[in-house]
Each structure stands twice: as C-alpha cells, then as structure tokens.
Amino acid sequence: MSKNKITVEFKGFEEAAEKLDRAGGDLRKAVEQCLNESAKLVNSQLHAEMKRHYRTGRTEASIMDNSPVEWNGPIGSINVGFDLTTTGLPSVFLMYGTPKIPKDQKLYNAVYGTATKRKVAELQERIFNQALANL
Amino acid sequence: MEDSLIELLETFGVPVYRQGSMSNDEEYPETFITFWNNDSVNHSHYDNDEYGTNWDFDVNVYSSDPEMVYSLLMEIRSLLKQNGWITPEKGHDVASDEATHTGRGMQVLFLDT
C-alpha cells in the first residue's frame, strides 16, 4: 500500500472476507464501506489539525474528501490526505518539516500515526462484523 | 535509541541535526542529515508490563548536489539495515527552506526489545 492509500487491513480480515463471501454476503460492498468510512475518519482528522494552519484555505481544500474506491483486481484502495497535484504541496512542509521548521507531528499522526492506524483497523473490523451479523 | 541512530548517521561525515532545529539565519551546510522521532510505542504487553518498543524516525538528507540527496540516503538506508533497522521505503521528497538545496527523506523503524 502506498503511503497515501488505505486498504482493508485488520487482524482476521482474510478469514472474515472468506466467511462473508461463502455465506453469500456482498464482499465488495463491505470493502467499499470500510474504505469510504476509513477515508472519512482520516480526512476529518486532517481537517481538524489544519485549522491551526489556516491562511487562504487552499492547502486544506486539497484534502481528498471525495476519492473513489479503486480496484486493482481483488484489492480495493482509496486515496486520503492532500492532493499534491493541486494545492496540497505546502502540506509537505507541514507533515515532514524542514531543517528550520519542526514537523507538525499531530498533522502527520492524523494520517500515519499509530492511534490512527488502530482506529482505522477497529472501524474496518466493526463494519465487517456488522456485515456478517446482517446475513 | 536516538543516540544510536545519531551515532550511525554521524559516520557519514556530514552535520546531523534534529529536523527543525536550525535557526532562521543559519546557513545550510553543503550536505547534511536531519532526523525526527515520530513515535516510540510499546511493541506488546504481557505480565502487566510492556515488552519492547517500536521506534519510528524520519531521516532526511539535504544537499546542493541533487545526486547526493539520492545516493547518500541510499547509503544511510544500507547502513541502518546492516544495524538492525527496518527501512520500509526508499525515500520521498521533502521540502527545503533554501532554493539552493533539495531534500529526500525516509521512515526508519527499530524494534528495541
């Protein structure tokens, strides 16, 4: 998974996916829901952290709030974070710092932090368990 | 762990700084390295105590020589791997304060048990 993409990853995912598929559940729909909800969670954290950096709003406006789920064979993924091809380039200064500007750790953690990864995994597991319970 | 990382980075014979620690009027050296500690989470728990620490750092190279930015970062990656560090990427661009220099950085991890 590239740095700005989210995939479905939690402990027991493969078993849960197999179980859902065998029981006739809509695996693709469950994966898409996982990815959309995960992206919403990460991006909302980013928006919250960007309030401290507001000047023109252009960098925050580059947050990819409406990314579609992309499928590469059986693997689904979704882009999150800043779109560097539009107005998101200043985010590199903020997320990684420079030799003269310390990195904004909270902004970085909103995407890459351990707590974020844990929240995303828990969210995805919850969605899959719900899909199994709804069968 | 930070001391160990700094010790390894200093073997390349260029200045090593904490990211963000240079003052505004300080001149960039021709080539230098910066680092930043992102996190140090517990690896796991048992017997009501933590077992091991996952250390997470950024390591960045800045230089007025664009080729050096790539090659030195890869040399650092190689040395860190030889010393037990995990290097999950080959690098990404990072921003520079000065138009004379470019930068590349990577995440490096160490499981300290």
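Quantities reported herein were computed from a predicted structural model and do not represent experimental measurements.
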Asks: When you measure from the side chain of B:R77 to the backbone of B:E89, do you find a donor-acceptor pair of N or O atoms at a distance under 3.5 Å?
Replies: yes
Asks: Would you please say whether a donor-acceptor pair under 3.5 Å links the side chains of B:Y70 and B:D65?
Replies: no
Asks: Would you mind checking which part of B:D58 comes under 4.5 Å of any heavy atom in chain A, side chain (CB onward), backbone (N, CA, C, O), both or neither?
Replies: side chain
Asks: So which of A:V92, A:I101, A:N109 has the largest heavy-atom pair count under 4.5 angstrom toward chain B?
Replies: A:I101
Asks: So does A:K40 pair up with A:E37, basic N to acidic O under 4.0 Å?
Replies: yes
Asks: Which bit of B:N38 is near chain A, if near means a heavy-atom gap under 4.5 Å: side chain, backbone, both or neither?
Replies: both
Asks: With a 4.5 Å cut-off on heavy-atom pairs, point out which of B:S23, B:G103, B:G105 contacts chain A the most.
Replies: B:S23
Asks: Do B:N60 and B:T34 have side-chain N/O donor and acceptor atoms under 3.5 Å apart?
Replies: yes
Asks: Is B:Y17 in contact with chain A via its backbone, its side chain, both, or neither, using a 4.5 Å heavy-atom distance?
Replies: neither
Asks: Are A:E9 and A:K117 ion-paired here, with the side-chain N under 4.0 Å from a carboxylate O?
Replies: no
